[in-house]
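Within every chain, numbering begins at 1; the chains are lettered A, B, ... in the order of the sequence lines, protein sequences first and strands thereafter. Below, all heavy atoms of this structure are taken into account, side chains as well, without hydrogens, waters or symmetry copies.
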Amino acid sequence: MPGDTARRTESIELDGSAGVVKARQLVRSLAQEAGLSLVDQTKLVTAASELARNTVVYGGGGRMEAEAAWSNGRSGVRLLFADEGPGIPDVELALTDGWTTGGGMGLGLSGARRLADEFDLDTGEGRGTRVTIVKWAR
Amino acid sequence: MTDRVPVLQIGDVLLVSIQVDLEDRTVLDLQDDLSKRIVDTGARGVVIDISALEIVDSFVGRMLATVAAISRVLGAETVVVGMRPAVAITLVELGLTLGGVRTALNLEAGLAALRRAVHTERPDRA
Ligand SMILES: Nc1ncnc2c1ncn2[C@@H]1O[C@H](COP(=O)(O)OP(=O)(O)O)[C@@H](O)[C@H]1O
Ligand SMILES: [Mg+2]
């Protein structure tokens, strides 16, 4: 059935901390549907929480797009966090444990990269920020 | 109007049980509320039960570490109880070690740890 291959992407507005809570809840349910283990669900939801908060706090708001993913017979969850904010001038620095410009713990980006199976950061000064992560069921 | 997490007082211990997924604002309110209540009540111990929490990210982790540090300055010990195994595994990978935070497996063990801490550190008042 052609309809089966169409991927349903769900979008959450990240315009405040209530959006971060909603994002966590949506990611949890997608992670369960994808058959992720409890530990992997927890890792993905935690990474999503960090990235969603960054979108709100540093990106000036944006959105999360979430979808089920498949590859080589494995199922997973793909998440995109996108904002049109100031962007990140020095990606290397931003991915350093403990580095923060906002008085945080500086573990959101670097931690999310460790917690996810795939991590892509597309940003630059004045370009906004797009972070994509994927977590696969084992 | 944000919801606030209730802080219960039992003797000289303040007990907080986080039951729902909290917005960041509510997390900060809890940190402030606890600091005030320690001073107002002269509490010697604080127990934060996180057994219902499905995740602890760096924001909640920082709150736990901050409450532990503030309470120590105010003469009280904080114990975080009930962290789920999946949460603990994830925290370590996130890079948060919660070094200064005393933890216990459950409420009973947490209260026992508090009693021990208070007895060793403040024998005059124990
Ligand atoms: N979406 C974003 N837009 C602009 N800057 C960002 C964004 N996400 C992260 N950053 C920058 O990267 C730094 C590190 O982020 P993070 O690792 O989450 O730590 P923290 O949130 O504790 O500062 C932030 O302090 C900020 O300067
Ligand atoms: Mg962050």
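- Side-chain contact check for B/S58 and A/E50: at least one donor-acceptor pair (N or O, by modelled atom type) lies under 3.5 Å.
- Counting heavy atoms from C-beta on, the side chains of B/D24 and A/R53 come closer than 4.5 Å.
- Heavy atoms from other residues, nucleotides or ligands lying under 6.0 Å from CZ of A/R130 number 12 at most.
- When the side-chain hydrogen bond (donor to acceptor under 3.5 Å, both in side chains) test is applied to B/Q19, the partners found at least two apart in sequence or on another chain are B/S17.
- Hydrophobic clustering of Ile, Leu, Val, Met, Phe, Trp and Tyr side chains at less than 4.5 Å, counting indirect connections, keeps B/L94 apart from A/W99.
- Contact check for A/R28 versus B/I55: side-chain heavy atoms found under the 4.5 Å cut-off.
- Taken together through direct or relayed side-chain contacts under 4.5 Å among Ile, Leu, Val, Met, Phe, Trp and Tyr, A/V56 and A/L109 form part of one hydrophobic cluster.
- Hydrophobic clustering, with ILVMFWY side chains joined whenever heavy atoms are under 4.5 angstrom apart, keeps A/V57 apart from B/F59.
- Contact record, A/S17 with B/R25: OG-N, 4.5 Å, taken as the closest heavy-atom pair.
- Criterion: ILVMFWY side-chain heavy atoms under 4.5 Å apart, direct or through other members. Under it, A/L79 and A/V134 are not part of a common hydrophobic cluster.
- In A/L93, the CG atom is crowded: over 12 heavy atoms of neighbouring residues, nucleotides or ligands sit closer than 6.0 Å.
- For A/V20, no part lies under 4.5 angstrom from a heavy atom of chain B.
- The local environment of CD in A/E84 is sparse, with at most 12 non-hydrogen atoms from other residues, nucleotides or ligands closer than 6.0 Å.
- Contact count against chain B (heavy-atom pairs under 4.5 Å) is highest for A/A18 among A/G108, A/A18, A/G98.
- In this structure, A/K22 NZ and B/E23 CD are separated by 9.5 Å, a value rounded to the nearest 0.5 Å.
- Side-chain contact check for B/D21 versus A/R24: some heavy-atom pair is nearer than 4.5 Å.
- For the pair A/T42 and B/E54, the tightest heavy-atom approach, listed with the atom from each and the gap, is CG2-O, 3.5 Å.
- Interface residues of residues 80-92 of chain B toward chain A, defined by a heavy-atom distance below 4.5 Å and sorted by number: B/A86, B/V87, B/I89, B/T90.
- Placement of B/L28 and B/V101 within a single hydrophobic cluster is found when ILVMFWY residues are connected by side-chain heavy-atom separations under 4.5 Å, directly or transitively.
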